[in-house]
Amino acid sequence: MTKATEVGPEPVPTLGPRFFMRPAVVVAPALLGVTLLINGVGGIIVETEAYAPDDPASHSFRGPTPRNQAMFGPPGHAYVYRIYGMHWCLNFVCESGHAVLIRALKPTTGIEIMAERRGTTVTKQLCSGPGKLAQALGVTKALDGAPLCAPNAHLVPTDEPINASTGPRIGLSKAIEVPWRFGLMGSPFLSRPFPKS
DNA sequence: AGCTTGATTGCCT
DNA sequence: GGCAATCAAGCTA
């Protein structure tokens, strides 16, 4: 029952262009704890990586190409690319040439759909890596350049405090020491553990 | 060669 | 058993 002093639920806050119109290294840790749903399926972001245009490891390092065009498009849109010829990776575009790779999330919504897409019912294996995450959420090239807002996507910030781990990004041959990987400390849903501090 | 995954192997938590 | 390290498959640029 609602008490007289309450005026009803707060409007659900949603992350919009202003949230993303910043450097990726600022946005990436801020995305931890955010709920991400694609067509109603997803969970809580627990691992991200930042990429910037002056970063030799970034797709945007050598300027716009047909493949990375979305990285130079509107902030708050998706950048989706294929890796190793077989997996899709989902990024959020920040200010021009910046993007955040979504590496892992804690499944919360549509778990059965994700399990079917992934071919496993092991929750920890549904979204514990960028390729797995994209498969579980049904992300393909069709989402490349698309805005990350209703009805296709929902981004809802958390009101919980965040403890972040940081460390080197994964799988790089350049700038391997730059600590632009961020994770929810102690989460069992990370793609890999963070190196001991 | 590449911002990975899944299966395999080895080692403790 | 559960987790961490190792290795090769798989396609596009």
Side-chain angles (χ1 to χ4, degrees), chain A residues 20 23-29 31-32 36 38 43 45-73 77-107 114-145 148 164-197:
Chain A
F20 290 100
V25 70
V26 174
V27 175
L31 282 168
L32 298 176
L36 163 66
I38 304 291
I45 296 171
V46 299
E47 184 180 340
T48 60
E49 284 180 359
Y51 291 88
D54 59 351
D55 166 15
S58 173
H59 288 170
S60 58
F61 184 59
R62 310 209 166 173
T65 69
R67 180 208 202 189
N68 65 19
Q69 179 180 352
M71 279 188 85
F72 298 91
H77 286 221
Y79 166 48
V80 179
Y81 63 87
R82 209 207 266 285
I83 186 63
Y84 296 131
M86 42 182 133
H87 307 293
W88 298 104
C89 289
L90 172 64
N91 298 252
F92 295 168
V93 178
C94 302
E95 63 181 38
S96 185
H98 292 244
V100 175
L101 172 64
I102 309 302
R103 287 194 54 89
L105 56 78
K106 172 186 177 181
M114 291 190 274
E116 174 149 8
R117 288 169 174 164
R118 290 277 301 113
T120 177
T121 59
V122 182
T123 308
K124 284 167 65 171
Q125 296 181 7
L126 294 179
C127 299
S128 56
K132 300 176 187 177
L133 184 157
Q135 185 182 25
L137 271 56
V139 171
T140 69
K141 188 77 176 172
L143 201 66
D144 188 41
L148 290 162
S165 302
T166 63
R169 295 170 293 181
I170 292 176
L172 305 187
S173 61
K174 302 180 178 182
I176 60 176
E177 75 289 356
V178 177
W180 281 3
R181 177 181 178 224
F182 304 92
L184 276 190
M185 191 173 291
S187 170
F189 299 95
L190 299 174
S191 66
R192 320 173 21 175
F194 279 74
K196 185 190 173 189
S197 55

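Within every chain, numbering begins at 1; the chains are lettered A, B, ... in the order of the sequence lines, protein sequences first and strands thereafter. What you see is a predicted model, and the numbers here were worked out from it, not measured in a lab.
Qualifying side chain to side chain donor-acceptor pair (under 3.5 Å) partners for A:Ser191, counting only residues two or more places apart in sequence or in other chains: A:Glu47, A:Arg103. A search for salt bridge (charged side-chain N to carboxylate O under 4.0 Å, His left out) contacts involving A:Lys141 returns A:Asp144, not counting sequence neighbours. Checked against side-chain contact (heavy atoms from CB on, under 4.5 Å), A:His77 has the following partners two or more places apart in sequence or in another chain: A:Pro74, A:Pro147. Under the rule for a side-chain contact (heavy atoms from CB on, under 4.5 Å), the partners of A:Gln125 that lie at least two apart in sequence or sit in another chain are A:Thr120, A:Val122.
Residue A:Leu101 is in base contact, counting any heavy-atom pair closer than 4.0 Å across all strands shown.
Interatomic distance, A:Leu143 CG to A:Trp88 CH2, rounded to the nearest 0.5 Å: 11.0 Å. A:Lys132 NZ to A:Cys127 SG: the interatomic distance, rounded to the nearest 0.5 Å, is 9.5 Å. A distance of 7.5 Å separates OG in A:Ser60 from NE2 in A:His98, rounded to the nearest 0.5 Å. To the nearest 0.5 Å, atoms OG1 (A:Thr166) and CE (A:Met185) are separated by 8.0 Å. One finds the CD1 atom of A:Ile45 at 5.0 Å from the CG atom of A:Leu36 (value rounded to the nearest 0.5 Å).
What separates CD1 of A:Ile170 from P of C:dA4 is a distance of 12 Å, to the nearest Å.
The salt bridge (charged side-chain N to carboxylate O under 4.0 Å, His left out) analysis of residues 165-179 of chain A, with sequence neighbours excluded, yields the pairs A:Asp55-A:Arg169. Contacts classified as ring-ring contact (aromatic ring centres under 6.0 Å, His included) and involving residues 168-197 of chain A (residues at least two apart or in different chains) are not found.
Contact of the A:Leu105 side chain with the A:Leu126 side chain is not registered, since no non-hydrogen atoms from C-beta on lie closer than 4.5 Å. In this structure, the side chains of A:Leu101 and A:Pro130 come closer than 4.5 Å at one or more pairs of heavy atoms. A 4.5 Å side-chain heavy-atom check between A:Val25 and A:Tyr51 finds every atom pair outside the cut-off.
Annotation: proximity of residues 174-193 of chain A to DNA chain B (heavy atom, distance under 4.0 Å) is found for no residue. Interface residues of residues 90-97 of chain A facing DNA chain B, ordered by number: none; criterion, heavy-atom separation under 4.0 Å. Looking at residues 46-61 of chain A, you'll see A:Tyr51, A:Ala57, A:Ser58, A:His59 sit with a heavy atom under 4.0 Å from some atom of DNA chain B.
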Between A:Tyr81 and A:His59, does the ring pair (Phe, Tyr, Trp, His ring centres under 6.0 Å) criterion hold? Intermediate values first, please. CA-CA 10 Å; A:Tyr81 63 87; A:His59 288 170; 4.6 Å; yes

Steps toward ring pair (Phe, Tyr, Trp, His ring centres under 6.0 Å) verdict (A:Phe92, A:Phe20): CA-CA 8 Å; A:Phe92 295 168; A:Phe20 290 100; 5.7 Å; yes

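No donor-acceptor distance shorter than 3.5 angstrom exists from the side chain of A:Asn91 to the backbone of A:Ala99, with no hydrogens or angles considered.
Put simply, chain A comes within 4.0 Å of DNA chain B, heavy atom to any atom, from B:dG2 to B:dG6, going 5' to 3'.
Both A:Arg118 and A:Tyr81 lie near DNA chain B, and the one whose nearest nucleotide falls closer to the 5' end is A:Tyr81.
Around the CZ atom of A:Arg118, the shell of radius 6.0 Å holds more than 12 heavy atoms that belong to other residues, nucleotides or ligands.
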Which parts of nucleotides 6-13 of chain C does protein reach within less than 4.0 Å, heavy atoms only, written one letter per nucleotide 5' to 3' as B for base, S for sugar-phosphate only and - for none? ---BBB--

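Stems are defined here as 3 or more consecutive Watson-Crick or G-U wobble pairs with pairing distances under 3.5 Å; those involving DNA chain B are B:4-12 with C:1-9.
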